[in-house]
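Here's the structure, in structure tokens; my notes come after.
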Amino acid sequence: MNPPPVRRVQAVLIGAGAALGLVLYLPTAQRQLPAVAVGPASLYPVLPVVLDLALLHERISRRQALGLLGAGIAAVLLTLG
């Protein structure tokens, strides 16, 4: 079954956003202290999931929601030092 064209575009945008995050990490890590770059970079796995939820209206389980919450808390703790 082929997804509708709108879903394909949304999926490509999600993938492009994830790729952009990887591409921008290197200059950030080179210009900032690594500790500054690690906080936002630790959210890299969460960003595609959040975009997927927002654009594709995917559903997540409680276990996945707890994982996202844990990732968010970890990123805040890393940022605060």
Side-chain angles (χ1 to χ4, degrees):
M1 183 173 154
N2 288 331
V6 172
R7 294 288 189 212
R8 290 181 190 173
V9 170
Q10 290 172 335
V12 167
L13 289 174
I14 291 169
L20 180 63
L22 284 173
V23 169
L24 294 177
Y25 174 75
L26 182 61
T28 303
Q30 289 174 340
R31 292 186 180 127
Q32 296 287 329
L33 291 172
V36 174
V38 167
S42 66
L43 289 175
Y44 164 72
V46 176
L47 182 60
V49 174
V50 171
L51 290 174
D52 189 40
L53 292 171
L55 296 177
L56 301 179
H57 306 290
E58 293 284 332
R59 294 186 178 170
I60 60 172
S61 67
R62 286 185 185 153
R63 187 175 186 180
Q64 291 167 323
L66 285 173
L68 288 172
L69 179 65
I73 291 170
V76 169
L77 291 174
L78 282 170
T79 303
L80 293 175

Under 3.5 Å, which donor-acceptor pairs link side chains of residues 2-9 to any protein atom two or more places apart or in another chain?
{"from": "Arg7", "atom 1": "NH1", "to": "Gln10", "atom 2": "OE1", "distance (Å)": "3.1"}
{"from": "Arg7", "atom 1": "NH1", "to": "Leu55", "atom 2": "O", "distance (Å)": "3.3"}
{"from": "Arg8", "atom 1": "NE", "to": "Pro3", "atom 2": "O", "distance (Å)": "3.2"}

- Query: Of all residues at least two apart in sequence or in a different chain, which pass the side-chain contact (heavy atoms from CB on, under 4.5 Å) check with Leu69?
  - Reply: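 Result, side-chain contact (heavy atoms from CB on, under 4.5 Å) vs Leu69: Ile73.
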
- Message: Can you list everything that forms a side-chain contact (heavy atoms from CB on, under 4.5 Å) with Leu66? Sequence neighbours excluded, please.
- Response: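 Per chain and number, Leu66 pairs via side-chain contact (heavy atoms from CB on, under 4.5 Å) with no residue.
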
- Cluster question for you: counting only ILVMFWY and a side-chain heavy-atom cut-off of under 4.5 Å, with indirect links fine, are Ile14 and Leu20 together?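 Each belongs to a different hydrophobic cluster.
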
